There are 2 protein chains.
Amino acid sequence: MTAEIIDGKAISSELRNNITNEIKQLKSINENFQPKLIIIQVGERPDSSTYVRMKLKSSSEVGIDGSLIKLSNDISQDSLLEKIHDLNNDESVHGILIQLPLPSHLDEEKITNAVKQEKDIDGFSELNLAAIFKKNAVAKFIPCTPKGIMYLLNHENVKIKNKNVVVCGRSDIVGGPLSKLLEKAGGTVTTVHSQTTSDQLKFYCQNADIIVSAVGIANFITGDLIKPGCVIIDVGTNYVPDDSKKSGQRMCGDVDFDSCLSKASKITPVPGGVGPMTVVMVLDNVLQSAKRSAGLL
Amino acid sequence: MTAEIIDGKAISSELRNNITNEIKQLKSINENFQPKLIIIQVGERPDSSTYVRMKLKSSSEVGIDGSLIKLSNDISQDSLLEKIHDLNNDESVHGILIQLPLPSHLDEEKITNAVKQEKDIDGFSELNLAAIFKKNAVAKFIPCTPKGIMYLLNHENVKIKNKNVVVCGRSDIVGGPLSKLLEKAGGTVTTVHSQTTSDQLKFYCQNADIIVSAVGIANFITGDLIKPGCVIIDVGTNYVPDDSKKSGQRMCGDVDFDSCLSKASKITPVPGGVGPMTVVMVLDNVLQSAKRSAGLL
């Protein structure tokens, strides 16, 4: 068996077109309809700048008015909170995104929680997370990576109900909420983490119908660990030495792609799997927020 | 092998004595120290009245000033919220407990969330749950049943780290938060629920070092499902027909006690296992709140 490769690039691009068309259509019905995203970046981390540029470019491509508020690295917590407060009250703004990580003198939790729930398109605030974790509650926004993964699984007609699911990693932005979303979709979920032994990992993986890995360790999931026919979603972004590359390294996921390819039924590549879905879900959440604010949701 | 029976009644009574002594001691140091609990009961459900009576009696026994605010069944949501608001602002009150269920015209979620986090000794508010679910956050209060179970496991020296744990049930007040607490303690947790098949249940249980059942189904966990030596915590409270009883029924848990007793290493009985722990944890949370308010925590 050779697994079908889930083409996150193509699927995200299809979704991006849908978003573009929907915004165009909503603007044609109501000329005041204008989804607006504000990104707040504190300092000048080069990786952050790259992400921000990417999000702004994508926003503009689909018709979202995206802009960047760049703040000095030594901004005080109070000034930053005041800035967020102003944006919370600005009715023209539908999404506020705080580019993480923040400089260490700022309380990331407090600042993330300061974003009004209705504009928290990252879905990182406590109230939003609580809604994901509560059995019958509906969150205003699903964080972008878990949302992108659920979209991929649905797009590929992967059944979750009655299935054994393993989520590797328990972060607040990926593994934690994703485990709960998969459970709400009817999966029986085991979350493995840094205190899970390798024997335990093997036991759960060898029985899993779906494995999602988000631990940030190259070759964490290998072919011998998995059950024939399982579905593998790789969230990792790792770099390993590679002499054949000019940079001397190559990007890879958590999954040993080659050994899993011949056993799995479906697998996401890195790059080109979950990554592009995460970016497009930022746009989807902004559109969702703008629609909600216009009474269309 | 015959399992050791975990005596929740004795353990809770020991903890209750500790609480009594601690309150006595704190009062002797500071005559103004007086933990105070307010229970709000809407309507006259007989089962609710029984629980309320039990909590008030226990409170008074350990030196907590407990009192009941009994409100009419047809109280408006706004009046109830106003009442909670007043108690939130009353500095002499350390714990506010809304006796559930509420009459159907009241929004249980909204009312539970109205209790100030610092006084939410049930730990049911969204902000409190979010803190339980977030990886590095510390909740102000752990809901009483999960807290009682963690206490029992610790008291019995049950190792959780590196262990396979199955939690049956995913309610917001037991299974959900408990799964996360066990995971935070290092366990690898699988949460099984109504959409888990019987084959799945069998697979996970036969491999589990610790099983907690909170589904409310008599005989849900039977001896053939479990691994020799596992630890079983039974949260169920069910009633089954029993002609030998005057009432024609007998109380039992989720676990088929007899068939599990000969295979497990430790097991909680029903009654006399988790139940008494839940009650005493209400008292423990009120004391914790009073200490925090007095700057002692």
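Numbers restart at 1 for each chain; the letters A, B, ... are given by sequence-line order, proteins then strands. Computed from a predicted model, the values in this text were never measured in an experiment.
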For chain B, the option from A:Val189, A:Thr197, A:Leu129 that forms the most heavy-atom pairs under 4.5 Å:
A:Val189
Report the option among A:Asn164, A:Val192, A:Val166 that has the most heavy-atom pairs separated by less than 4.5 Å from atoms of chain B.
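The candidate making the most pairs under 4.5 Å is A:Asn164.
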Greater than 12 external heavy atoms within 6.0 Å of A:Lys83's NZ
no
Atom NE2 of residue position B:His105 - does it have more than 12 heavy atoms of other residues, nucleotides or ligands inside 6.0 Å?
yes
For A:Lys180, which atoms come within 4.5 Å of any heavy atom of chain B: side chain, backbone, both, or neither?
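Side chain only.
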Give the minimum heavy-atom separation between B:Thr191 and A:Thr188, together with the two atoms involved.
O-CG2, 3.8 Å
Residue list, ring pair (Phe, Tyr, Trp, His ring centres under 6.0 Å) with A:Phe124, at least two apart or on another chain:
none
Name, in order of residue number, those residues of residues 198-215 of chain B that have a heavy atom at a distance of less than 4.5 Å from a heavy atom in chain A; otherwise write 'none'.
B:Gln200, B:Phe203, B:Tyr204, B:Asn207
Show me the donor-acceptor pairs, under 3.5 Å and distance only, between side chains in residues 152-162 of chain A and residues at least two apart or in other chains.
residue	atom	partner	partner atom	Å
A:His155	NE2	A:Glu14	OE2	3.4
A:Asn162	ND2	B:Gln195	O	2.6

Please list, chain by chain and in numerical order, all residues satisfying salt bridge (charged side-chain N to carboxylate O under 4.0 Å, His left out) with A:Asp234, sequence neighbours excluded.
none
Just so I understand: if I count every heavy-atom pair under 4.5 Å between each of B:Glu126, B:Glu109, B:Glu183 and chain A, which residue has the most?
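Top option by heavy-atom pairs under 4.5 Å: B:Glu183.
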